Amino acid sequence: MSLFSFPLLLLARQLQKLSVIDIRLLPYPTQLIFISEYFRLNPEPTLEQCKALENWFWVTTYSNYFTVYSISQQRSAYQVFCDFAIGEHPDGIYKVNNEVSFSTAKYPDKLNFTGVRPKALQLFYLNSIIEDNEIQDREGIKEIFISSKKDRNPANIILRLSSEFEEKQDKKQIKNFIETSSIKLLNKHFITQEMVYLYKQDIVDRFIPTRESYLKLKEKEFVENIGIIYTD
């Protein structure tokens, strides 16, 4: 393996760890440039360093990092990140004003690949169902709608890995998936026991808003844990 291909392999593995199993999910193309440079400068990162890189990814994803900064500020952010890659900066995050905290954009009305905020939510969701499991080659995403397919409200969509979806034939139908899956699995999809009850009683008009509130709660916990203010 060449020295050039080794960082690329590390990059591909890191993207999988970040749940970016479809390149359309990458919030910013600039993140790819930064992470590529990270592995060029640090081709053999420790586990602790990889965790720090993951934190950098989530912070830059949820904080509108590459949107709020000007071109000149992004150059400064790049230098800070390079220092981070060689162990000379604690987190790789550039701040113009240390007294001002980052905040998220508003919670998305629709789930799609066209905006950073919807992508962030999808990555958060995928991170919940993938956890530390190995991602299969050519893995994909299946969108399963709880009610109307015209409604792209995040709470109306269940994201499933293509491999898992094809493997469990008896749970391809949304009804079987919700009513027969373990509560442990459903929790990874942000579906609680209360929601299962509502679904079985055919009270979908309460199921969707209840799930939306739960999704927001869990995402808020995650976002605030990385030091970002959550905007509903």
Side-chain angles (χ1 to χ4, degrees), residues 14-28 31 54-64 104-136 138-168 171-174 177-178 181-196 198-199 204 207-226 228 230-232:
Q14 188 64 41
L15 289 176
Q16 285 188 341
K17 286 183 180 180
L18 295 167
S19 304
V20 185
I21 59 178
D22 185 322
I23 197 62
R24 293 177 299 169
L25 284 169
L26 189 67
Y28 296 101
Q31 287 173 314
E54 289 176 26
N55 184 74
W56 174 89
F57 175 81
W58 288 112
V59 170
T60 57
T61 292
Y62 271 107
S63 66
N64 302 305
T104 68
K106 186 180 178 182
Y107 185 85
D109 296 325
K110 297 180 180 180
L111 216 54
N112 52 45
F113 294 106
T114 60
V116 172
R117 190 63 181 87
K119 291 179 183 181
L121 181 57
Q122 288 180 82
L123 289 171
F124 167 70
Y125 190 137
L126 290 170
N127 189 53
S128 174
I129 60 177
I130 294 171
E131 293 184 321
D132 295 323
N133 296 318
E134 195 74 26
I135 300 296
Q136 295 188 19
R138 301 180 182 278
E139 186 63 275
I141 307 167
K142 297 287 289 187
E143 291 184 339
I144 313 300
F145 292 81
I146 296 167
S147 60
S148 171
K149 289 187 177 181
K150 293 181 180 180
D151 182 6
R152 296 199 61 82
N153 178 336
N156 186 47
I157 299 174
I158 290 177
L159 298 180
R160 295 174 65 182
L161 299 179
S162 297
S163 58
E164 178 268 333
F165 181 78
E166 296 300 332
E167 179 183 331
K168 298 180 179 179
K171 293 186 179 178
K172 282 190 172 184
Q173 296 296 321
I174 183 67
F177 180 76
I178 293 178
S181 294
S182 69
I183 195 61
K184 181 180 179 180
L185 174 62
L186 292 175
N187 282 168
K188 293 179 182 180
H189 290 272
F190 309 100
I191 297 173
T192 64
Q193 192 69 61
E194 177 192 2
M195 294 175 220
V196 173
L198 292 172
Y199 187 84
V204 179
F207 180 103
I208 302 297
T210 301
R211 185 169 185 246
E212 180 176 74
S213 296
Y214 189 66
L215 249 174
K216 288 180 178 180
L217 173 65
K218 290 300 178 181
E219 189 186 36
K220 181 181 180 183
E221 290 175 357
F222 177 79
V223 166
E224 291 183 342
N225 192 49
I226 56 175
I228 297 175
Y230 190 77
T231 306
D232 194 335

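This is a predicted model, so every value here is computed, not measured.
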Where is the tightest heavy-atom contact between Pro154 and Tyr107, given as atom of each residue plus distance? CB-OH, 3.6 Å
Distance, nearest 0.5 Å, that separates OG1 of Thr210 from CG of Leu215: 11.5 Å
Give the minimum heavy-atom separation between Leu111 and Pro118, together with the two atoms involved. CD1-O, 3.9 Å
Which atoms form the tightest heavy-atom contact between Thr192 and Asn187, and what is the distance? CA-ND2, 3.9 Å
Over all heavy atoms of both residues, which pair between Ile208 and Ala155 is shortest? Give the atoms and the distance, please. O-CB, 3.4 Å
Side-chain donor-acceptor pair under 3.5 Å between Gln31 and Thr60, yes or no? yes
Is there a side chain to side chain contact (heavy atoms under 4.5 Å, CB included) between Leu185 and Phe177 once you walk through the steps? CA-CA 10 Å; Leu185 174 62; Phe177 180 76; 4.1 Å; yes
Whether over 12 other heavy atoms sit under 6.0 Å from Lys172 NZ: yes
Tell me, yes or no, whether the heavy-atom count around Glu224 atom CD, taken from other residues, nucleotides or ligands under 6.0 Å, exceeds 12. yes
Under a 4.0 Å threshold between the charged nitrogen and the carboxylate oxygen, would Glu219 count as salt-bridged to Arg117? yes
Look at atom NZ of Lys220 and say whether more than 12 heavy atoms of other residues, nucleotides or ligands are closer to it than 6.0 Å. no
Using the rule given for side chain to side chain contact (heavy atoms under 4.5 Å, CB included), can you reason through Leu18 versus Leu123, listing the C-alpha separation, both sets of side-chain angles and the distance that settles it, and then say yes or no? CA-CA 8 Å; Leu18 295 167; Leu123 289 171; over 6 Å; no
May I ask you to check if Lys218 and Phe190 form a cation-pi contact, with NZ or CZ under 6.0 angstrom from the six-membered ring centre and within 45° of the axis? no
Do Ser162 and Glu139 have side chains that get closer than 4.5 Å, going by heavy atoms? yes
Inter-residue atom distance Gln122.CD - Leu159.CG, 0.5 Å rounding: 6.0 Å
So how far is it from Phe207 CZ to Glu194 CD, rounded to the nearest 0.5 Å? 10.0 Å
Let's go through Val116 and Tyr28 carefully: what are the C-alpha distance in whole Å and the side-chain angles of both, what is the deciding distance for side chain to side chain contact (heavy atoms under 4.5 Å, CB included) to 0.1 Å, and is it a yes or a no? CA-CA 7 Å; Val116 172; Tyr28 296 101; 3.8 Å; yes
When you look at NZ of Lys17, are more than 12 heavy atoms from neighbouring residues, nucleotides or ligands closer to it than 6.0 Å? no
Over all atoms of both residues, closest heavy-atom pair of Ile130 and Ser19: CD1-OG, 4.0 Å
Phe222 and Phe124 aromatic ring geometry - parallel, tilted or perpendicular at 30°/60° bounds: tilted
Any chance you could measure Leu126, atom CG, to Ile141, atom CD1, to the nearest 0.5 Å? 4.5 Å
Does the Thr231 side chain pair with the main chain of Ala105, one donor and one acceptor, at a distance under 3.5 Å? no
When rounded to the nearest 0.5 angstrom, what is the spacing between CG in Asp151 and CG in Asn156? 4.5 Å
Would you sort out whether Leu26 and Phe57 count as a side chain to side chain contact (heavy atoms under 4.5 Å, CB included), showing the intermediate values? CA-CA 10 Å; Leu26 189 67; Phe57 175 81; 4.1 Å; yes
Thinking salt bridges, do Glu143 and Arg152 make one under a 4.0 Å N-O criterion? yes
Just how far is it from atom CD1 of Ile158 to atom CD1 of Ile191, taken to the nearest 0.5 Å? 3.5 Å
Nearest heavy-atom contact between Tyr125 and Ile157 is CE1-O, 3.9 Å
I want to check something: taking the side chain as every heavy atom from C-beta on, are Ile174 and Tyr199 in contact at a cut-off of under 4.5 Å? yes
Ile146 and Arg211, any side-chain heavy atoms less than 4.5 Å apart: yes
